[in-house]
Trainee: 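One structure, as structure tokens, below. Some questions next.
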Amino acid sequence: MKRTKIIEILKSDVPGDKFFFKGWVRTRRDSKTFSFIEINDGSCLKNIQVVADDTLEHYEDIKKLTTGSAIAVTGTLIESRGKGQKWEIQAEKAEIISIAPDTYPLQKKRHTDEFLRTIAHLRPRTNKYGAAFRIRSELSYAVHKFFRDRGFRYLHSPIITGSDCEGAGEMFRVTTLAPDSPSKKDGKPDYAQDFFGKETNLTVSGQLSAEMFALSLGDVYTFGPTFRAENSNTRRHAAEFWMVEPEMAFCDLTENMEIAEAFIKYLSSYVMEECPEDLELFAKFVDKTLMRTLENIASSEYVRLPYKAAVKILNRSGKKFDYPVDFGKDLQSEHERHLTEKHFKKPVIVYDYPKDIKPFYMRVNDDGETVAAMDVLVPGVGEIIGGSQREERLDVLKSRMNEMGLSQENYWWYLDTRKFGTVPHSGFGLGFERLIMLVTGIRNIRDVIPFPRTPNSIEF
RNA sequence: UCCCCAGUAGCUCAGUCGGUAGAGCAGGUGGCUGUUAACCACCGUGUCCGUGGUUCGAGUCCGCGCUGGGGAGCCA
């Protein structure tokens with residue numbers, strides 16, 4: 001008999017069908033002449049309750065089934081006589097696959113997130129983490145669907161990069177040189193002897209690649225791992241995370257913001273539509289305001305706020321900030337939080353930032369002091385998207401690179417696109433983990449990625 | 001990297017004024033019951049994070065270190 005997943009069994013609308021299924025025991029309750037076994041196979045949040053009578057073969061062994069054990073069951077679907085579940089399975093055959101010893105760390109009670117992080121290899125077997133990672137999977141699909149439906153092409157940008165400065169923070173070095181290699185030059189590793197013949201790192205962004213392809217295929221996006229060697233110790237940062245980076249040709253900042261807003265709205269609607277059961281768990285146990293937040297994210301008009309206007313609002317707020325607000329200074333977390341959580345109480349897109357605090361590739365505005373940058377700020381998570389219209393004018397781009405001390409030689413291929421058929425284009429980066437935090441209400445990035453990499457932490 | 005907080009049984013925590021550690025859950029045994037984090041009775045459990053100090057005496061006070069968490073910066 002073919003195995004059926006529990007999610008399919010529970011979709012039944014008539015009793016009487018015979019099923020064969022496998023899973024892990026979540027809990028067992030014994031009665032005089034039979035035993036209730038709740039089984040979960042990870043296909044959905046719900047367990048299926050199995051009624052195992054003492055007339056079954058190996059019933060003595062069935063009574064030894066502990067939480068975490070694995071079992072295969074053949075039985076008939078019947079309407080449950082108890083409360084709490086519609087269906088249950090009257091077992092005809094129960095075959096024990098393995099018994100988990102009583103040292104199994106997951107118990108039938110609530111554990112702290114901190115403890116579960118120490119057993120990251122087992123935590124997806126809990127309701128909460130199972131739900132989080134099913135949602136993560138569904139949202140990955142939704143990302144592809146959103147872009148594909150709009151005619152975007154999916155680009156695999158490289159993980160190893162030779163660009164010595166992608167401009168987004170500290171990088172992890174990639175090398176095949178032995179640590180004690182004698183091939184040193186002026187006390188530094190002699191990269192000419194290295195695998196690629198030059199210094200290489202893990203990528204901090206697929207943007208530059210995406211620009212090249214946007215200027216060829218039109219609309220493209222990347223979706224892959226990204227690495228930052230920053231010594232960041234916060235609940236919002238990881239050294240390895242996944243980023244979605246669309247890049248659009250013939251697209252200005254306004255259209256860029258429209259796509260960013262539509263993207264977040266699509267993803268939050270998608271998860272409400274496709275993952276109601278898993279979402280309900282988070283609304284119940286993690287964040288009581290989650291559904292209201294999601295409705296807000298999915299259906300409110302996002303505020304468009306020039307940086308200068310943001311500074312004005314903050315200065316007039318009457319609120320004492322730890323850091324002063326002033327043109328030319330970047331907005332601090334406390335400022336972003338005030339705008340999105342207190343003042344507007346919904347997502348806010350701040351744009352046209354001072355050029356001195358932004359990277360070389362952002363397009364200089366006509367005022368000469370701001371660039372066409374935008375950040376999407378959401379309540380609770382903060383910055384979830386950062387993007388810009390890219391500088392397409394060769395002369396302006398070159399002088400910006402000079403100002404910032406970047407070598408044009410290393411970017412000859414990047415500059416080529418401004419030489420040959422340059423066009424206005426724009427793009428942004430969305431932190432995928434931050435999106436999952438937003439839609440689940442989970443407060444720590446370490447709990448939305450299977451095996452988190454953070455400073456001093458890479459056990460799994 | 002900086003600031004703040006925490007570390008006690010397998011897990012979640014309590015521990016008074018400095019006087020030699022205890023509860024729930026989990027586990028074991030028995031009972032009961034179409035049960036729902038089942039219930040009832042009984043049973044065991046400790047490098048009190050490590051290290052140095054103060055003290056007659058330290059889980060408790062002080063120094064240093066380690067680990068974890070929160071906030072800040074960096075950003076997605």
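Naming convention: chains lettered A, B, ... in sequence-line order (proteins, then strands); numbering from 1 in each chain.
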Trainee: Across the strands shown, which category fits A:I445 at heavy-atom distances under 4.0 angstrom: base, sugar-phosphate, nothing?
Mentor: base
Trainee: Under 4.0 Å: is that the gap between some side-chain N or O of A:K32 and OP1 or OP2 of B:G34?
Mentor: no
Trainee: A:T27 side chain N/O closer than 4.0 Å to the phosphate oxygens (OP1, OP2) of B:A38?
Mentor: yes
Trainee: Contact class for A:R26 (heavy atom, under 4.0 Å): base, sugar-phosphate, or nothing?
Mentor: nothing
Trainee: Run the salt bridge (Lys or Arg N to Asp or Glu O under 4.0 Å) test against A:E57 and tell me which residues pass, sequence neighbours left out.
Mentor: none
Trainee: Just N and O in the side chain of A:R446: are any of them under 4.0 Å from OP1 or OP2 of B:G70?
Mentor: yes
Trainee: With a 4.0 Å cut-off on heavy atoms, is A:S80 in touch with a base, just the backbone sugar-phosphate, or nothing at all?
Mentor: base
Trainee: How about A:K5: does its NZ atom have over 12 heavy atoms from other parts shown lying under 6.0 Å from it?
Mentor: no
Trainee: Contact class for A:R337 vs. all strands (heavy atom < 4.0 Å): base, sugar-phosphate, or nothing?
Mentor: sugar-phosphate
Trainee: In the structure shown, which nucleotide is the Watson-Crick or G-U wobble counterpart of B:U33, with both distances under 3.5 Å?
Mentor: none
Trainee: Over all strands shown, is A:E240 touching base, sugar-phosphate only, or nothing at heavy-atom distances under 4.0 angstrom?
Mentor: nothing
Trainee: Is any side-chain heavy atom of A:L155 less than 4.5 Å from a side-chain heavy atom of A:R153?
Mentor: no
Trainee: Atom CD of A:E383 and atom P of B:A72: how far apart are they, to the nearest Å?
Mentor: 14 Å
Trainee: So does A:N444 get a side-chain nitrogen or oxygen closer than 4.0 Å to the phosphate oxygens (OP1/OP2) of B:G70?
Mentor: yes
Trainee: Whole Å only: how far is the CD1 atom of A:I357 from the P atom of B:C74?
Mentor: 9 Å
Trainee: How many whole angstroms separate atom CZ of A:R117 from atom C1' of B:G70?
Mentor: 11 Å
Trainee: Is A:F36 touching bases, backbone alone, or none of the nucleic acid, heavy atoms closer than 4.0 Å?
Mentor: base
Trainee: For A:F282, I'd like to know if atom CZ has over 12 heavy atoms of other residues, nucleotides or ligands within 6.0 Å.
Mentor: yes
Trainee: Roughly, in whole Å, what's the span from CG in A:N233 to P in B:C74?
Mentor: 15 Å
Trainee: B:U1 pairs with which nucleotide, Watson-Crick or G-U wobble, both distances below 3.5 Å?
Mentor: B:A72
Trainee: Please report the distance, rounded to the nearest Å, between CZ in A:F432 and C1' in B:C75.
Mentor: 18 Å
Trainee: For B:G46, give the paired nucleotide (Watson-Crick: N1-N3 plus N6-O4 or O6-N4; G-U: N1-O2 and O6-N3; both under 3.5 Å), or none.
Mentor: none
Trainee: Mind running side-chain contact (heavy atoms from CB on, under 4.5 Å) on A:M404 and A:R400 for me, showing each step along the way?
Mentor: CA-CA 6 Å; A:M404 298 182 142; A:R400 282 282 281 159; 3.9 Å; yes
Trainee: In terms of side-chain heavy atoms of A:E114, which of B:C75, B:G69, B:A38 is nearest?
Mentor: B:G69
Trainee: How is A:E334 classified with respect to the nucleic acid when contacts are heavy atoms under 4.0 Å: base, sugar-phosphate, or nothing?
Mentor: nothing
Trainee: Check the distance between B:U35's C1' and A:Q90's CD and give it to me in whole angstrom.
Mentor: 14 Å
Trainee: Contact class for A:G82 (heavy atom, under 4.0 Å): base, sugar-phosphate, or nothing?
Mentor: base
Trainee: Taking atom CZ of A:R443 as the centre, report whether more than 12 heavy atoms of other residues, nucleotides or ligands fall under 6.0 Å from it.
Mentor: no
Trainee: Under a 3.5 Å cut-off for both contacts, is B:C17 paired Watson-Crick or G-U wobble with anything, and if yes, with which nucleotide?
Mentor: none
Trainee: Quickly work out the A:K63 NZ to B:G28 P distance and round it to whole Å.
Mentor: 12 Å
Trainee: Between A:R29 and B:A37, does any side-chain N or O lie under 4.0 Å from OP1 or OP2?
Mentor: no
Trainee: Just how far, in rounded Å, is P of B:A38 from CZ of A:F34?
Mentor: 15 Å
Trainee: Has A:Q49 got a side-chain N or O lying under 4.0 Å from the OP1 or OP2 atom of B:U35?
Mentor: no
Trainee: Would you indicate what A:D102 reaches in the nucleic acid, counting non-hydrogen atoms under 4.0 angstrom: base, sugar-phosphate, or nothing?
Mentor: sugar-phosphate
Trainee: Stacking between A:F241 and the base of B:A76 (centre distance under 5.5 Å, interplanar angle under 30°)?
Mentor: yes
Trainee: If you count every heavy atom of other residues, nucleotides or ligands that lies below 6.0 Å from A:K46 atom NZ, does the total exceed 12?
Mentor: no
Trainee: Mind checking A:Q107 for me? I need base, sugar-phosphate or nothing, with any heavy atom below 4.0 Å counting as a touch.
Mentor: base
Trainee: Strictly by Watson-Crick or wobble contacts shorter than 3.5 Å, is anything paired with B:A6, and which nucleotide is it?
Mentor: B:U67
